Structures are given as structure tokens and as C-alpha cells.
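So the structure is just underneath, and the comments pick up after that.
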Amino acid sequence: MAKYELTLPKMGESVAEATITNWLKKAGDTITADEAVLEIATDKVDSEVPSEVSGTLIEILFQVNDVVQVGQTIAIIETEGGAPADAAPAEVKAIETQIEKAAQTIAPAEVDETSTLDVSSSDRFYSPLVKNIAKQEGISASELEQIAGTGKEGRVTKEDILNYLKNRGTKPVVAAPVTPTKAVASPSPAAKAAPISVNGQDEIIEMDRMRKMISHHMVQSVQTSAHVQSFIEVDVTNIVKWRERVKSSFEKREGEKLTFTPIFMEAVAKAIKDFPMINISVEGDFIIKKKNINLGMAAALPNGNLIVPVIKNADQLNLVGMTKQVNDLAFRAKNNQLKPDDIQGGTYTVTNVGTFGSVFGTPIINQPQVAILALGAIRKVPAVIETPEGDFIGIRHKMFLSHSYDHRVVDGALGGSFVKRVAEYLESFDVNREF
């Protein structure tokens, strides 16, 4: 027999942690290779963690709502043959043996909250596992409050309480450092009391995890970037006529529906190549100029929340490739099948507010990017048409482009010139082009 350590996998650039939302397996269950063991959540996407080996799940190290760092061991799987996983430190093993009997009363992923230590008056977050170990070992709420935590925001981890038990009675208690309150990836449900309906008729609805994250990121973006906007009206009549003419043959040949989105994304990617200083991020007093053009595509989920999957290296795709990427990401977003890496690495974002009939909008920048483009609804409007024979009034298909950008690093000349270039690419669309 050998032991395999299931760790939290790397989930893309800048993602350092995830919150465990659900265990799909419990201790004692048999697992096959590539089978999902648990569900996790990062800032904006839910995902599953599969096992790389077949065997038996013998130990769960974190519980639901615990925040886990990338690379941390989250479970132990016993396999047939092979080299055993690295052993834990001997002293920790000894302490784990001491409390094993007590810990056996804790059902993995189904902790009975009523049997845990009452820490409701504390401002600190304690995982169900930590609270149950404290209760079984006779650690009072006040004593638990004094244990220094090494987890996120000073949280007490399983290792912290095991080490405390090892040295209990031999060392003076070290007071836990006071950590300023910050917004965290998985806010504690008990952080604030629920509001009470004054008239007894109003419905009180708690935000779900994703809505809390969106709320946090939107406020953070407004507080970080100096938002300004530029608007421009675009004549997209040629695009509308071309798409109407080729959409059936396109779908027949490529097996994909041709929407307006990939056509707009193609124009945006070309404009970014012309104005690379739109494709940047800011860190303190430094500007980071991105090598790759990775376009975020804001999409509404069935539950009303927002997610931004990313088209990687968008400037290297032709229209067929762009269409396949757009359709694939949109489908997987609607069916909750996106992986963490699908929403990472974006350098510029496009949002289609026209989907809901909006003529234009003032979108909030998707940090750490410095600009975002909103596509308004395409409408038939009367317009002045200039010809060699003179001007006349005709019916044209037009839309507004709304460009929000960070005035810390993008001035009006750059922000306005960029959106104007996008408009020029759209208006000069070749109606005789192939796919």
C-alpha cells in the first residue's frame, strides 16, 4: 500500500487559493483515476478537483468553506503499490494519533455544527474541523482565541491547533496578532447579522458566493481606477448584410453559428495591435505591457451572475477560429463547465450590453486591466449617406461603442483613438470577404 497526497492544483495565473464548496467523496470511498473528488470555488468560477490515481480516500484534511492554498494537501488516497507519499513530521503524526479517537467523531464534510465549540461572539473565523478538535480536547473559546493562526487573515488551521496541543502546558500562550478586517474570498456567513424586515413583508435574500465576489471586485475597481468614458456611433450595415448572406453556409461548413460577437472581437484584437498601450496593467508606479492579447468576453450566467471567460491569443485567430472560441466559451459558461484557467490571463475585456437592448453603457473595468469596451444594441436608424452625387437619407444599421478606461495611465487621446480605430475596422468591413 502507498499513500498519495491529493493537492490543490494550480488554477491559472494569479490564483493562489480556493474555497472548498463540496466534497463529492467521503473517507472510505473508492476512487478511480480522473474521478472528481471535491468541488472548489475561486473568485468567479466553480470547478472540480479530480484524482490522478485510483485508490481509497482515507483522510480528508479540510472541510467545506475552508480556504486552501495552491499546492496544499487536501486529502490522502491509499493506492496499491508505488512509492508512499512524503511522511508528515513525526511530532505532528504523534499529536494526530493522540486526537484520532476524538477526531473520528467528526464526519468528513458533514460536521454537526450543534456539537462544536460556541465561538459566535468571536470576530475570528474557525473552520468546523478546528472547532470540533478544540471541543474534543477541552480547549475553551477564550483559549482558542489566543492561538496564533497562520492561515489567511490570521485563521487558525488544523496544523496550528495540532502544534498548540503538542506544546500545551509547556509554553506561555502567544496572543494571536490582530489583523485588519479585509474582504476575503469566502466571507463567513456569520460576519454580519441578517437585516430584519421592518414591515414583516419584505423578503431578505442573502447574496450567493459569486455575487459577493462580484460586489467586492466592482467596488474595488471603482476605488482603484479613475474611470472615464468615450462613446462613438458605428455604421455596421455592411456587417449585418454580410452575416445575413453567409450565416447559413458558414454553419453548414463549420458546424458553428455565426454571431456578431466574433466579428467584433476580431476588430478589437486588430485595434489593440495598433494601440498596444491599451493592453497593459498597473502595479504601483509601474506599467506592465502585455505581450499576449487575451480578450475577456463578459457573459451572463443563467442565475444572473456575471463571468468573464478569456479568448487567449485572440489576434492569432481568423474569423472561424474566433467563432469556435466564442461559441465554446459561451456554451460552457451557460452550463457551468468553465475551468479556472478559462477565466485567467485576460488583458482587455469586451461586454455586450446590447444583448439586453441597451443602446450603450458605462462598464466597470475588469481589474487589473485598464480598459473595457461595451457593445450597444444594433438598431435601424435614419442616417445621412454621403455619395458622389450628393447626400441623402437612408436606413442604416448603427450601434454605439462605449469605452471605459483608467485615466491614471490612459489619456483621452489614447482611449478615444482606440475606440475610433475599432469603429473604422467595423465600418470598412469587406462585404466580399470569405470566412
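Keep in mind that what you see is a predicted model, and the values were worked out from it rather than measured. Position 1 is the first residue of the sequence; numbering continues from there. Quick note: numbers below take in every heavy atom, side chains included, and nothing from hydrogens, waters or symmetry partners.
Residue Phe286 qualifies as open at atom CZ: its count of foreign heavy atoms under 6.0 Å is 12 or below. Sparse packing is recorded around CG of Asp285, with 12 or fewer heavy atoms of other residues, nucleotides or ligands lying under 6.0 Å away.
For the 3.5 Å distance criterion, the side chains of Thr347 and Asn294 fail to qualify, holding no donor opposite an acceptor. Side-chain contact, Gln369 with Thr349: a donor N or O sits under 3.5 Å from an acceptor N or O. Side chain to side chain, Glu254 and Thr323 fail the donor-acceptor criterion of an N or O pair below 3.5 Å. Under 3.5 Å, the side chains of Ser230 and Tyr405 contain a donor-acceptor pair of N or O atoms.
Taking the six-membered ring for Trp and thresholds of 30 and 60 degrees, Phe360 and Phe400 have ring planes more than 60 degrees apart, a perpendicular arrangement.
In plain terms, the two heavy atoms of Ala374 and Gly361 that are nearest each other are CB-O, 4.4 Å. Gly296 and Met265 make their closest contact through O-CE, 3.9 Å (heavy atoms, listed as atom of the first residue, atom of the second, distance). Scanning both residues, Gln367 and Ser221, for their nearest heavy atoms gives NE2-OG, 3.0 Å. Scanning all heavy atoms of the two residues, the minimum distance from Trp23 to Ala75 falls at CH2-CB, 4.0 Å. Counting all heavy atoms, side chain and backbone alike, Ala36 lies closest to Glu48 at CB-OE1, 3.4 Å.
Salt bridge status for Asp342 with Lys339: absent, with no side-chain N to carboxylate O gap under 4.0 Å.
Counting heavy atoms from C-beta outward, Ile40 and Leu8 have side chains that approach closer than 4.5 Å. Taking 4.5 Å as the limit, every side-chain heavy atom of Val370 sits out of range of all side-chain heavy atoms of Tyr348. Looking only at side-chain heavy atoms (C-beta outward), Glu52 and Tyr4 come within less than 4.5 Å of each other. Residues Val37 and Leu6 are in side-chain contact: their nearest non-hydrogen atoms beyond the backbone lie under 4.5 Å apart. Using a 4.5 Å heavy-atom cutoff, the side chains of Ile74 and Leu38 are in contact. Taking the side chain as every heavy atom from C-beta outward, Ile385 and Arg396 approach each other to under 4.5 Å.
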Between Leu57 and Ile31, does a side-chain contact (heavy atoms from CB on, under 4.5 Å) hold up when you go through it step by step? CA-CA 7 Å; Leu57 181 63; Ile31 298 171; 3.7 Å; yes
Any chance you could lay out the salt bridge (Lys or Arg N to Asp or Glu O under 4.0 Å) test for Lys312 and Asp341, step after step, and finish with the verdict? CA-CA 10 Å; Lys312 307 293 175 60; Asp341 191 57; 3.7 Å; yes
Worked verdict on Leu414 versus Met277 for side-chain contact (heavy atoms from CB on, under 4.5 Å): CA-CA 8 Å; Leu414 174 57; Met277 288 306 290; 3.9 Å; yes
Given the rule in the side-chain contact (heavy atoms from CB on, under 4.5 Å) test, do Ile343 and Val308 qualify, once you have shown the distances and angles that lead to the verdict? CA-CA 6 Å; Ile343 63 167; Val308 186; 5.9 Å; no
So Glu251 and Lys257, salt bridge (Lys or Arg N to Asp or Glu O under 4.0 Å) or not? Walk me through it. CA-CA 5 Å; Glu251 184 173 2; Lys257 290 186 179 297; 3.4 Å; yes
How far apart are the C-alpha atoms of Glu424 and Arg421, what are their side-chain angles, what is the distance that settles it, and do they pass the salt bridge (Lys or Arg N to Asp or Glu O under 4.0 Å) test? CA-CA 5 Å; Glu424 290 170 350; Arg421 184 62 53 84; 3.1 Å; yes
Please evaluate residues Gln72 and Thr7 with respect to the criterion side-chain contact (heavy atoms from CB on, under 4.5 Å), reporting the C-alpha separation (whole Å), side-chain torsions for both, the decisive distance (0.1 Å), and the verdict. CA-CA 5 Å; Gln72 273 191 293; Thr7 61; over 6 Å; no
Assess the residue pair Lys25 and Glu39 against the criterion (salt bridge (Lys or Arg N to Asp or Glu O under 4.0 Å)); give the C-alpha distance rounded to whole Å, side-chain angles, the decisive distance to 0.1 Å, and a yes or no. CA-CA 10 Å; Lys25 298 291 183 178; Glu39 295 174 342; over 6 Å; no
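Taking the centre of each ring, His403 and Phe231 stay at or above the 6.0 Å mark.
Figure legend: Arg243 and Phe260 shown as a cation-pi pair, the cationic atom lying under 6.0 angstrom from the six-membered ring centre and within 45 degrees of its axis.
Partner Ser358 forms a side chain to side chain contact (heavy atoms under 4.5 Å, CB included) with one of Val353, Leu375, Asn352 and no other, that one being Val353.
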